[in-house]
Amino acid sequence: MSALDDARRAAAELLRQTTGSELPEWRPTFLGTANEPNAIGPVCTDPDHVESEDPSAFGCCPEPIIAVDPPLVDYLVALLNGDRERGEQ
Ligand SMILES: [Zn+2]
């Protein structure tokens with residue numbers, strides 16, 4: 001087992017509880033009144049929250065919403081979603 005396998009397994013329990021999936025899809029999001037994404041979080045599955053219209057993080061959104069320096073947001077989302085795609089194969 002690799003360090004990534006160990007880390008993924010450690011995160012899986014939290015993610016299963018908060019999102020229903022051990023490998024949820026991630027998205028850029030906003031905390032506060034930032035002008036650019038400054039956080040990442042699992043994609044919200046609430047049908048009343050259309051993320052293409054408002055990508056902010058609300059009470060309907062699954063945890064964790066993780067504050068991230070803006071230059072790292074797209075990179076971390078791509079890494080997590082890439083790991084998700086490999087994990088589902
Ligand atoms: Zn939401």
Side-chain angles (χ1 to χ4, degrees):
M1 285 290 166
S2 71
L4 178 58
D5 291 329
D6 292 342
R8 187 189 291 120
R9 195 168 31 257
E13 178 65 21
L14 169 69
L15 294 171
R16 187 182 324 106
Q17 289 176 7
T18 61
T19 71
S21 170
E22 293 184 0
L23 290 169
E25 183 178 0
W26 292 79
R27 66 179 176 104
T29 189
F30 295 78
L31 287 172
T33 56
N35 294 321
E36 59 186 334
N38 62 354
I40 63 173
V43 168
C44 184
T45 55
D46 187 318
D48 293 331
H49 182 186
V50 181
E51 289 179 358
S52 59
E53 294 176 5
D54 189 342
S56 299
F58 299 105
C60 58
C61 301
E63 294 288 329
I65 305 297
I66 304 167
V68 173
D69 283 331
L72 298 179
V73 166
D74 288 344
Y75 178 50
L76 290 174
V77 166
L79 278 177
L80 287 164
N81 286 337
D83 187 52
R84 172 179 188 263
E85 289 166 14
R86 281 185 295 279
E88 287 185 337
Q89 288 171 3

What I'd like to find out is whether the side chain of [X] reaches to under 4.5 Å of the side chain of [Y], using heavy atoms alone.
X: Arg8; Y: Leu23; result: yes
X: Pro64; Y: Leu15; result: yes
X: Pro62; Y: Cys44; result: yes

Nearest non-hydrogen partners of [X] and [Y], listed with the distance:
X: Pro42; Y: Pro24; answer: CB-CB, 4.2 Å
X: Arg27; Y: Val77; answer: C-CG2, 3.6 Å
X: Phe30; Y: Pro37; answer: CE2-N, 3.4 Å
X: Val43; Y: Glu51; answer: C-OE2, 3.6 Å

More than 12 heavy atoms of other groups within 6.0 Å of Phe58 CZ:
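For Phe58, atom CZ is crowded (more than 12 foreign heavy atoms under 6.0 Å).
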Please check if atom CG in Asp5 has more than 12 non-hydrogen atoms from other residues, nucleotides or ligands closer than 6.0 Å.
yes
Are Val73 and Leu31 connected in a single hydrophobic cluster, I mean Ile/Leu/Val/Met/Phe/Trp/Tyr linked by side-chain heavy atoms less than 4.5 Å apart?
no
Let me know which of Thr19, Asn81, Leu80 forms a side-chain contact (heavy atoms from CB on, under 4.5 Å) with Glu25.
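Option passing the side-chain contact (heavy atoms from CB on, under 4.5 Å) with Glu25: Asn81.
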Of Ile65, Thr29, Ile66, which is the lone residue that meets side-chain contact (heavy atoms from CB on, under 4.5 Å) with Ile40?
Ile66
Rounded to the nearest 0.5 Å, what separates atom NE2 in His49 from atom OG in Ser56?
6.5 Å
Give, for atom CH2 of Trp26 and atom CG of Leu76, the distance between the pair rounded to the nearest 0.5 Å.
9.5 Å
